[in-house]
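Notes follow the structure.
Read the numbers this way: they start at 1 and go in the same order the structure lists the ligands and their atoms. Keep in mind that this is a model prediction, so the values were computed, not measured.
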Amino acid sequence: MSSTTDASTGRATIAARTLRTDRWWLPPLATFVAFVAWVAYATVRAFMQDYYFVPEYGYLTPFYSPCVSTGCVEEASHFGRFLPDVWWLPYAAVSLPFLLLFRLTCYYYRKAYYRAFWLSPPACAVAEPHQRYSGETRFPLILQNAHRYFFYIAGIITLINAYDAVLAFAKPGGGFGLGLGNIILVVNVVLLFGYTLSCHSCRSAVGGRLNHFSKHPVRYKLWTQVSKLNTRHNQFAWATLVSLAVTDFYVMAVSAGWISDLRIVG
Ligand code: FES
């Protein structure tokens, strides 16, 4: 197999699209199917405006947190109700767009959807169909640089999710309650913290721009911990997609009366 180099691109000119013989197309295809399914589910749920809260146990789905529409039931609204109740506005419209932007600009998701949706490139050592490549240097992709700001907002929203999970241990009539829903809410929050704290922007915020780690022992310690989490960021990215969907579905199923919550205490 002979090849020469294209002087304009610096790339090897190879007639075949790829010389890979493995099933390189499987990961991007699986990513494509999973993302489309998840986004379809999340969109339906975000606009459903029902089955988002279980009043008996205080379970609030993260898809409706914080619930700030005048359409929200009062017990689910921990931060006031000030958005109009119209069909096209999700009850958690103050958080969902930022969560979407946080994930859309995430370094890992970028890799995943550039491969799965834009085929740019679909896999390592597989030629992409596009003739030109400008990276993320132009509009709109240059906006990916805003990721660090969405990180801070997502951090606040994760704290709100944690607050919801803690509140759910208090039964509305008074006393402590524990059910499978509480466990699911807590696991989801732990994974959300894992995803948020393992963010590359978090690593940069904690330990970036330091010339001498020895002069900043606390930040160095934090940076080493965040760096460890950071190596698992892609796993947290997928785990939180699953945990968010499972948490939401469980709350919907209990709220709709399809299943009963498995109670352990109270
Ligand atoms: Fe993935 Fe920040 S959330 S890199």
Side-chain angles (χ1 to χ4, degrees), residues 27-28 30-39 41-43 46 61-63 65-66 92-118 120-124 135-165 185-210 219-248:
T31 302
F32 180 88
V33 171
F35 282 6
V36 167
W38 198 93
V39 169
Y41 174 82
T43 304
T61 164
F63 286 17
S65 177
V94 293
S95 62
L96 296 187
F98 293 107
L99 293 177
L100 177 66
L101 287 167
F102 182 50
R103 297 214 173 218
L104 213 53
T105 57
C106 163
Y107 290 31
Y108 169 69
Y109 285 121
R110 267 141 83 172
K111 172 193 163 191
Y113 69 77
Y114 285 169
R115 289 186 172 200
F117 288 78
W118 290 353
S120 179
C124 290
E136 295 173 335
T137 58
R138 295 198 210 144
F139 182 83
L141 293 187
I142 197 162
L143 297 179
Q144 303 279 28
N145 280 310
H147 181 66
R148 72 198 78 164
Y149 305 112
F150 301 134
F151 157 70
Y152 292 114
I153 299 171
I156 294 169
I157 298 168
T158 305
L159 286 172
I160 292 174
N161 293 152
Y163 181 67
D164 295 336
L185 285 173
V186 169
V187 169
N188 179 54
V189 162
V190 169
L191 290 172
L192 286 176
F193 270 115
Y195 176 66
T196 309
L197 294 174
S198 65
C199 167
H200 292 67
S201 292
C202 178
R203 186 165 177 264
S204 172
V206 168
R209 292 174 178 266
L210 292 183
R219 287 185 67 184
Y220 176 63
K221 185 80 185 157
L222 288 172
W223 180 80
T224 37
Q225 297 306 319
V226 169
S227 295
K228 280 185 205 160
L229 281 178
N230 181 255
T231 61
R232 302 189 178 279
H233 189 58
N234 60 338
Q235 293 164 19
F236 281 119
W238 282 106
T240 47
L241 284 191
V242 173
S243 72
L244 281 166
V246 167
T247 306
D248 178 75

Can Arg203 and Ser227 be counted as having a side-chain donor-acceptor contact under 3.5 angstrom?
-> yes
Quick one: look at Phe151 and ligand 1, take heavy-atom pairs under 4.0 Å, and tell me if it's side chain, backbone, both or neither.
-> neither
Does Tyr109 have a non-hydrogen atom less than 4.0 Å from ligand 1?
-> no
For His147, what is the atom name of its N, O or S atom nearest to atom 2 (Fe) of ligand 1?
-> NE2
Contact check: His200 to atom 2 (Fe) of ligand 1, N/O/S below 2.8 Å = no
Give a yes/no answer: is there an N/O/S atom of Cys106 under 2.8 Å from atom 1 (Fe) of ligand 1?
-> yes
Residues Ser198 and Asn230: side-chain donor-acceptor under 3.5 angstrom | no
Any side-chain donor-acceptor pair under 3.5 Å between Arg103 and Thr240?
-> yes
Step through it carefully: locate the ring centre of Tyr108, locate the ring centre of His233, and say whether they are under 6.0 Å apart.
-> no
Within 45° of the six-membered ring axis of Tyr195 and under 6.0 Å from that ring's centre, is NZ or CZ of Arg232 located there?
-> no
Taking both backbone and side-chain atoms into account, decide whether Cys202 has an N/O/S atom under 2.8 Å from atom 2 (Fe) of ligand 1.
-> no
With heavy atoms of Tyr107 as the reference, note each atom of ligand 1 found under 4.0 Å away.
-> 1 (Fe), 4 (S)
So, do Phe32 and Phe117 have ring centers that fall under 6.0 Å from each other?
-> yes
Strictly under 2.8 Å, is any N, O or S atom of His233 next to atom 1 (Fe) of ligand 1?
-> yes
Is the centre of the Phe35 ring less than 6.0 Å from the centre of the Tyr109 ring?
-> yes
Per-atom filter on ligand 1: closer than 4.0 angstrom to a heavy atom of Cys199 are 2 (Fe), 3 (S), 4 (S)
